[in-house]
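This report refers to the structure that appears directly beneath it.
Index from 1, following the sequence. Just so you know, ligand 1 is whichever comes first in the structure, and atom 1 is the first atom listed for that ligand.
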Amino acid sequence: MKSLYIHIPFCKNKCLYCDFKSFEGKENLMEQYIDSLIVEMSLRVSEKVQNIFIGGGTPTFLKEEHIKSLGEAIKKIQKAENYEFTVEGNPGTFTREKLLLFKDMGVNRLSIGLQAWQNSLLKVLGRIHNNDEFIASYKLAREIGFNNINIDLMFGLPNQTIDMWMDTLEKVVDLNPEHLSIYSLIIEEGTSFYDLNEKGKLLVPTEEEEREMYNKAKTFLESKGYKQYEISNYSKLGSECKHNLVYWELNEYIGCGSAAHSYIDGKRYENLSCIEEYIDAIKEKAEAVKEVIINSEEDNIEEYIFMGLRKIQGISLQDFKNRFGKDINEIYPEIINRHKSAGLLIVNDENIRLSENGIELSNIVMSDFILTV
Ligand code: SF4
C-alpha cells in the first residue's frame with residue numbers, strides 16, 4: 001500500500017534560512033491551488049493509502065474554507081485501518097477552528113515547527129511566532145485531543161550557545177511531546193542566510209560546538225525516554241513517524257501538489273514547483289509532472305542504502321536480499337569490510353548499521369556506496 005504526501009506551498013513569511021518550495025505573499029492563489037490539488041488527487045489517488053502527510057509550506061496557514069474543501073476530498077480517500085495522518089503547522093497560524101477541521105478530516109498527528117525556545121533566536125531565524133504563541137498552539141492541540149505531536153527543532157543556529165540549546169530541549173521535553181525532529185542548520189544557497197553568511201554577518205557555532213550539541217541532545221533525550229530511531233529523529237516507543245519511514249525504507253508514495261515528489265514502480269516523479277504553473281498545468285492537462293526519472297537497479301540500491309543507513313537500526317540484510325535478489329556483501333565486500341574494521345559500520349547476522357563514529361562521518365561512509373558515476 002502506498003502513502004500519500006500533499007504539499008501546501010504557502011507561508012505567512014519566508015524564514016531567512018528556508019530553501020523549501022514555499023512562498024510568501026501568494027495567498028490570492030490559495031483557492032485555485034486547492035481546486036487544482038483536489039483535481040490532481042481525484043485523478044491519482046484511487047487506491048487505499050497507508051498514511052497521509054500534509055506538509056509545506058505551512059498547511060495551517062490555509063484559510064478555513066480551503067481546509068474544509070481539502071477535507072471533503074480527503075474523506076473520500078480510503079485509508080488503511082491503522083493509518084497515520086500528519087499535518088504540519090506553525091505557531092501563529094493555528095486556530096481552534098482550523099485544528100477541529102483537520103481533526104474532522106482524520107488527522108491524528110501534528111507536527112509543529114518551533115526550531116528554538118528563545119525569542120531572540122526565533123527573531124534571528126525570521127520565524128513569524130514567539131515562544132508564547134508556540135506554547136499556546138501546543139496546549140490548544142492537546143486540549144482538542146491530539147495525542148501524537150512532533151516538534152521540529154534546529155541546532156547550530158547563529159548566536160545559539162550550547163546552554164541555549166539544552167534549555168530548548170529541557171523546556172520542550174517538559175511539554176512531553178511524542179516525537180522530536182532535530183536538524184542542524186544548513187546554510188543553503190539562495191536563502192537570505194546564505195547572503196548574510198557570505199558577508200560575514202552570521203555568527204554560527206563551530207563544528208565542534210555543533211557536534212557537542214548533537215551528542216548532548218542524544219544523551220539528554222535518551223535519559224528522558226526518547227529513542228533515537230533515525231539520525232535526526234527521536235520518539236517515544238511506538239510513536240515513530242510511519243510516513244517518514246516510508247522514505248527511509250524506499251517504499252512507494254504518491255505526492256500531490258506543487259513541487260511534490262512521488263516514487264512509484266521504480267520511477268521518481270517531480271511536480272512543477274511554481275504555484276501558478278502547477279495550477280495552469282492541472283487545468284490544461286490534468287497533470288503537473290515536471291520530470292520523471294526511471295531508476296536503474298543501481299539507483300534503487302544506492303537510495304535504499306543512503307536512506308536505510310539513516311535509521312539507527314540500519315539496513316535489514318534479509319530485506320535487501322528480498323528486494324534486490326542479492327546479498328549486500330556480494331555487491332560491496334571490500335567497502336563493508338573496510339568500514340567495519342575502521343569501526344564505522346556495525347554488521348551482525350541481521351543488519352548493517354552506522355556506529356556512533358559512523359554517524360559523525362556518515363557522508364564519507366555513504367559516498368563509498370555509490371555505484372553509478
Ligand atoms: S515556515 Fe517552514 S516552509 Fe515556511 S518559510 Fe519557514 S521554514 Fe520554510
Side-chain angles (χ1 to χ4, degrees), residues 5-30 33-34 37 53-63 66-67 70 86-95 98-99 102 109-134 136-138 141 149-158 160 168 172 179-197 202 204 232-233 241 243-244 247 255-261 270-275 278:
Y5 173 78
I6 299 169
H7 190 68
I8 303 296
F10 306 100
C11 283
K12 199 166 171 184
N13 287 115
K14 191 80 183 163
C15 302
L16 301 178
Y17 58 89
C18 176
D19 79 327
F20 296 143
K21 298 291 185 330
S22 66
F23 305 90
E24 62 178 13
K26 298 257 181 190
E27 293 87 303
N28 59 322
L29 295 172
M30 269 185 194
Y33 181 80
I34 294 295
L37 186 57
F53 193 106
I54 308 183
T58 309
T60 47
F61 181 48
L62 287 173
K63 296 195 180 118
H66 305 135
I67 301 176
L70 183 61
T86 306
V87 68
E88 285 185 329
N90 283 309
T93 60
F94 276 81
T95 62
K98 287 182 186 180
L99 286 191
F102 280 119
R109 182 173 182 273
L110 278 187
S111 178
I112 308 178
L114 168 63
Q115 316 312 347
W117 191 264
Q118 299 77 12
N119 285 336
S120 60
L121 292 184
L122 292 173
K123 213 166 173 188
V124 169
L125 294 172
R127 302 286 298 176
I128 53 164
H129 56 90
N130 60 31
N131 173 272
D132 286 344
E133 283 169 312
F134 162 72
S137 300
Y138 184 87
I149 298 185
N150 167 59
I151 298 178
D152 280 340
L153 297 173
M154 290 200 301
F155 62 96
L157 304 176
Q160 186 184 39
T168 293
V172 165
H179 192 284
L180 288 163
S181 289
I182 290 175
Y183 287 89
S184 66
L185 173 73
I186 301 194
I187 299 178
E188 305 278 4
E189 220 173 321
T191 62
S192 303
F193 264 16
Y194 187 85
D195 299 336
L196 289 170
N197 198 38
L202 283 189
V204 284
S232 307
N233 286 276
C241 176
H243 182 80
N244 283 342
Y247 301 141
C256 291
S258 61
H261 290 244
E270 183 186 348
N271 273 358
L272 292 161
S273 56
C274 164
I275 304 178
Y278 170 80

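- The closest protein non-hydrogen atom to atom 1 (S) of ligand 1 is N90 ND2, 3.1 Å.
- Counting backbone and side-chain atoms alike, C11 contributes an N/O/S atom closer than 2.8 Å to atom 4 (Fe) of ligand 1.
- Within the 4.5 Å cutoff, the side chain of N197 has no heavy atoms near those of the Y17 side chain.
- Ligand 1 is approached by G57 to a heavy-atom distance shorter than 4.0 Å.
- With S22 contributing its side chain and C11 its backbone, the two residues share no donor-acceptor pair below 3.5 Å.
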Evaluate the criterion side chain to side chain contact (heavy atoms under 4.5 Å, CB included) for residue pair C15 and L125; output intermediate values, then yes/no.
CA-CA 6 Å; C15 302; L125 294 172; 5.7 Å; no
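- Heavy atoms of T58 found under 4.0 angstrom from ligand 1 belong exclusively to the side chain.
- Of all atoms in ligand 1, numbered sequentially from 1 with element shown, those under 4.0 Å from a heavy atom of F20 are 3 (S), 8 (Fe).
- For ligand 1 and S22, the ligand atoms under 4.0 Å from any heavy atom of the residue are 3 (S), 4 (Fe), 5 (S), 8 (Fe).
- Ligand 1 has at least one atom lying under 4.0 Å from a heavy atom of R127.
- Distance alone, capped at 3.5 Å, places no donor-acceptor pair between the N130 side chain and the N119 backbone.
- Aromatic ring centres of F10 and F23 lie farther apart than the 6.0 Å criterion allows.
- For K26, the salt bridge (charged side-chain N to carboxylate O under 4.0 Å, His left out) partners are E276, not counting sequence neighbours.
- The protein non-hydrogen atom at the shortest distance from atom 7 (S) of ligand 1 is Y17 OH, 3.4 Å.
- Inclusion of C15 in the first shell of atom 6 (Fe) of ligand 1 is supported: an N, O or S atom falls under 2.8 Å.
- Closest non-hydrogen pair, R109 versus N150, comes out as NH2-CB, 3.6 Å.
- The shortest contact between atom 8 (Fe) of ligand 1 and any protein heavy atom is with C18 SG, 2.3 Å.
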